[in-house]
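Accompanying notes for the structure given below.
Residue numbers start from 1 in every chain, and the chains themselves are labelled A, B, ... in the order their sequence lines are given, proteins ahead of strands.
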Number of protein chains: 4
Amino acid sequence: MNTVIPRRRKEARPGELAAAALELFVERGFAATRLEDVAARAGVSKGTVYLYFENKEALFKSAVETAMMPALEAAEALADESERPAAELLRCFVMGWWQMIGTNTIGGLPKLLVAEAGNFPEMAGWFYESIMLRAKRAMARIIELGIRRGEFRPVEPELAARVVFGPMFSYILWQRAFKTFMHDLPSPERYLGEAVNLLTHGLANSDAAKDATP
Amino acid sequence: MNTVIPRRRKEARPGELAAAALELFVERGFAATRLEDVAARAGVSKGTVYLYFENKEALFKSAVETAMMPALEAAEALADESERPAAELLRCFVMGWWQMIGTNTIGGLPKLLVAEAGNFPEMAGWFYESIMLRAKRAMARIIELGIRRGEFRPVEPELAARVVFGPMFSYILWQRAFKTFMHDLPSPERYLGEAVNLLTHGLANSDAAKDATP
Amino acid sequence: MNTVIPRRRKEARPGELAAAALELFVERGFAATRLEDVAARAGVSKGTVYLYFENKEALFKSAVETAMMPALEAAEALADESERPAAELLRCFVMGWWQMIGTNTIGGLPKLLVAEAGNFPEMAGWFYESIMLRAKRAMARIIELGIRRGEFRPVEPELAARVVFGPMFSYILWQRAFKTFMHDLPSPERYLGEAVNLLTHGLANSDAAKDATP
Amino acid sequence: MNTVIPRRRKEARPGELAAAALELFVERGFAATRLEDVAARAGVSKGTVYLYFENKEALFKSAVETAMMPALEAAEALADESERPAAELLRCFVMGWWQMIGTNTIGGLPKLLVAEAGNFPEMAGWFYESIMLRAKRAMARIIELGIRRGEFRPVEPELAARVVFGPMFSYILWQRAFKTFMHDLPSPERYLGEAVNLLTHGLANSDAAKDATP
DNA sequence: CATGAATGAGTTTTCATTCAT
DNA sequence: TATGAATGAAAACTCATTCAT
C-alpha cells in the first residue's frame, strides 16, 4: 500500500541528503542543525542518514565537499582569456563568479565556513586554500596581466586581488545573513558593478593624482 | 592589589561573564558553547551564570549588547571633521574603524552575528541597523562631501559607501575565521591601506578614463 | 505470548508511561517524582518519556486525564435506577463507587489533586468540577428521590450529598496516605457500611426525634 | 544606617520561620517549596534559615511539630464534660474542633501530611497517631457515653467515631485544596452542622427502622 | 534498503547548602 | 547574628546514534 513514490534513486540519495544538509547547516550552523530535520528536508527518515554517512560530522564534511567540487573546477577556468582588456577581464571574473556562486547553494559556503572555522579548522583551512586562495590567485593573474600591459598601475597583485575580493565576499555574506532586514540590499549587478568601477577607476576625480601616501 | 580570592563581585560579574561568553560564542557559535566553559573562563562555577542571567539565550543577548554599546557610540563620532580632504577623511575613517573594532573583542561581533543571524533574527537585525547601517551612512556622508567639493566623482554615495565597507568587513571576518591557516594574511595597515588606495584612485592607469560601463 | 523484548510499542507506550507516572506522582507528588524513575517503572529509559510527552508537566496532566476518563464516564451511570428504596440506592452508590475508585489506580487521584491543587489550579478545578461535583449531584439526586418518596427527611439534597461524600473521600485518602501505620484501618466494607448506616439511621436511639438545631 | 527595625526578636525567629515555612509547605508541598521563598516570607535572607535549622527537612519537621503542639494539647481537653447529652457533646466536639483547627494555620496540616505521607512516613505516622488517633478516641469516648446512657444506638464506638471524622476531615481538605473553584463551598457551620444532624438522626424518616443490614 | 522507537551521553537548569564578609 | 554570592549535586531535557522490524 505504501509503495507510492519509492524505487529509482538510491544513487541520488547521498547527494540529496548532502544538499538538504547544506541548506540547514548554512542557515543554522552545525550544532544547531538537527539530523532529524535534515532527514525530513530530504524526505527520508532519521535512520536513513546513517545508511549513507558515518555520522553528523561526516555528513557535514560531505555536504561541504559536494558543494565545493564545482566551485573548485570553475575557479580555475575563470582566468586565462587574456585577449580582452584587463579591466574587462576583471569585470567578467567578478560577474562570472557571482553567476557561479551567488545564485547557487554554494553561496552559503562562505557563511558556513566562517561560522564553523573555529570548530572545523581543517575544513576551513581546506576551503580557504582550495577556493579562496585559488580564486585570489586567478584574480592576481588578471591584475598582473593588466600591469604588464600597462593598463593597471603597478600595485602588488596578490594584495590588490585580495582587496578586490573584499566586496565580493562581503556581498555574499550580507546577502545570506542579513537579507531579511536589509530593505536596501542593492542587486548584485548594481553592487558588484559599482565595486568594479570603484576598484578600477577610484573615487577620486581624474584631475591630478593628489596625495596617494607614497 | 586586589589579589584576594575574589568572591562577592556582584557588580563586576555580569560584565565578566558577558565578556567570557562573547569570546566563546564568537569562537564556537551559540549552540556549540557550553555554559560550563563560559563559567570556567570567567572563573566561576556553572551555577553562578544563573545568578546573573535568566538562561543561555539571555546571556547571549547580553553579551552581544554589552559589546555593541561602545561601538554604537563610536559609530556616530566618526564622521564630521570636514576640514581635511575627503580622501584623507575616508582613510581616517577606515583606519579609525579598525582601531576601534579590529583590536577589540567587538571585532568578533560580525562573525558571531553572521553565523547566528538565522537563529537570532531580531538580534541580527538590530545589529545590522544600529551598527552596520549607521556606519555606512557615516561613510556615505564623507563621500557626499567629497563629491560636493569636487574631490570625488559623482557616484551614488550610499552604494559606494557599501562598497568601501566590503574590504573592511571581509578583513575582519577573514582575520577571525581563517587567521590560523592564512600564512599570508596581510597586516591591517597593508590591507586596509591598499583598499583605500584602490578605492580612491582605482587600478586603472591615469591615462584617459576608459569606458567601464558600456 | 508476546514475551519478546517489547520494543516498538508506539501505541502502548503513552498509556504505560502515564500509568507508571500516576503511581509515582500519587506516591511522592509532582516535584518529588523523578522522570527517570517513571521511565524505569514503565520499563523504558529516560529519553523515551520525551518521545511521547512534551515535558514533565505534560506527562502529569496526561496521567491525570488518562486516569480520569473512566471515572468521568462511570460517574454519570451511577444514579438512575429509581426502582429500589432510596436507602438501598445510596448504599449501592457508595459501595459501587468504592469498587470503581478504591481498588483502582484512579483511587490515587484525590490524594494527588489535593496535594497539587496549589501548583496546578486549572487541573484541580477541572477534577473538582468534572468528578467531584458530578458525583455529588448524582448523590443529591438519590437523596431528592428519597425525600420525594417520603423515605428521607426533608434535608437540603446538595448539602446532605456533600456530607455523605465526607466519609467516602476521607476513607480513600486515609487509606492512601496512612495505610502503613494504621494498624486499625477498617475494611472498606466495614467502614463504608457503617457510614451508610449512620447517615441513614443516625446515632440517636429511635425514641423521639430530639431537637438538634435549636 | 540600616538599623531600621531589627533588634528584639531572635527568640521569635525560629517560630516565624516555621510559620512561614508551614504556609508554603501546605500550599506547594515539600519539594516544590523553595527555601528562598520561605526566607522571603519570613522577612529574612536565605542564609538565615540555616542559623536556626539544620536543613530543609529539619525545618519541615519543625514547622509541622510547632503547628501540632497546641492541637495535641487541645485534642485531650475536648472530651470529658460528661454532664450534657451525648448528642450535644458530639456537636460541641465537632464545632470546637473546627474553631481550633479550621481557622488556624494548623488546618493546613492534614493536607500537608496527606500529601507528604509517602515521603515522610515517620512524620505522617506520628501525626496520625498523636492527633488523628487521639481525636478519634476522644470522639469514641463521647459515643460510648451516649451508648451507655441509652442515648445512642449500640454501634462500635471506634468505627463510628471514625465515620464522624470523615466529614470533618473532608471539609478541611476540600476547603484548603479546592476553595478557589468551589463557588458553592458551604460555610463550616452549615456543612458541619448538617453533618452532625445526619450522623445523629440519619436521613431516614422516623417511621419504623426499615432494613439496616443486620 | 528504510524506518522510527529506543537509548543514554551530554547540556541546561534548579536550588539546597556553604561561607566570606 | 545576618547576608547573599557562590557552589555543585541532582534533575530536566535534547538529540546523535543504534537496531529490531
(message) Is it the case that the ring center of F53(B) lies less than 6.0 angstrom away from the ring center of F60(B)?
(response) no

(request) Send over the distance from Y50(A) OH to dC1(E) P, rounded to a whole Å. (result) 19 Å

(message) Can you tell me how the ring of F120(C) sits relative to the ring of F30(C), calling it parallel under 30°, perpendicular over 60° and tilted otherwise?
(response) perpendicular

(request) Any chance you could measure E16(C), atom CD, to T48(C), atom OG1, to the nearest 0.5 Å? (result) 11.0 Å

(message) Please pick, from dT3(E), dT3(F), dT17(F), the nucleotide with the shortest atom-to-atom distance to any side-chain atom of T48(A).
(response) dT3(E)

(message) Rounded to whole Å, please give me the gap between CG in L59(A) and P in dT17(F).
(response) 10 Å

(message) If you assign L51(B) and K46(C) each to the DNA chain F nucleotide with the nearest heavy atom, which residue ends up on the more 5' nucleotide?
(response) L51(B)

(message) I need the CZ-C1' distance between R13(C) and dG4(E), as an integer number of Å.
(response) 13 Å

(message) Quick check: on DNA chain F, is the nucleotide nearest G47(B) upstream (toward 5') of the one nearest G47(C), or the reverse? Name the residue that is more 5'.
(response) G47(B)

(request) Nearest whole angstrom, please: distance from the P of dA2(E) to the CZ of F53(A). (result) 12 Å

(request) Specify the separation, in whole Å, of atom CD of E57(A) and atom C1' of dA16(F). (result) 12 Å

(message) At a heavy-atom distance below 4.0 Å, what parts of residues 27-37 of chain B sit against DNA chain F?
(response) none

(request) Identify the heavy atoms of T105(B) and R176(B) that sit nearest to each other, and give their distance. (result) O-NH2, 4.2 Å

(request) Compare the minimum distances between each of dA6(E), dT7(E), dT1(F) and the side chain of Y52(C), then state the nucleotide with the smallest one. (result) dA6(E)

(request) Provide, to the nearest angstrom, the distance between the CG atom belonging to L17(A) and the C1' atom belonging to dC1(E). (result) 13 Å

(request) Take K61(A) and E65(A) through the salt bridge (Lys or Arg N to Asp or Glu O under 4.0 Å) test and state the conclusion after the steps. (result) CA-CA 6 Å; K61(A) 289 181 176 162; E65(A) 285 170 27; over 6 Å; no

(request) Hunt down the Watson-Crick or G-U wobble partner of dT21(E), both distances under 3.5 Å, from any strand shown, or write none. (result) dA2(F)

(request) I would like to know whether L51(A) and V44(A) meet side chain to side chain contact (heavy atoms under 4.5 Å, CB included); could you show each step before the answer? (result) CA-CA 11 Å; L51(A) 253 33; V44(A) 298; over 6 Å; no

(message) In whole Å, I'd like the distance from the CG atom of N55(C) to the P atom of dT14(F).
(response) 8 Å

(message) Checking base pairs now: Watson-Crick or wobble, both atom distances under 3.5 Å. What partners dT7(E)?
(response) dA16(F)

(request) Answer with base, sugar-phosphate or nothing: what part of the nucleic acid does K56(D) contact at a heavy-atom distance below 4.0 Å? (result) sugar-phosphate

(request) Taking atom CD of E54(D) as the centre, report whether more than 12 heavy atoms of other residues, nucleotides or ligands fall under 6.0 Å from it. (result) no

(request) Starting at atom CZ of F60(D), determine the distance to atom C1' of dA16(E), rounded to an integer number of angstrom. (result) 16 Å

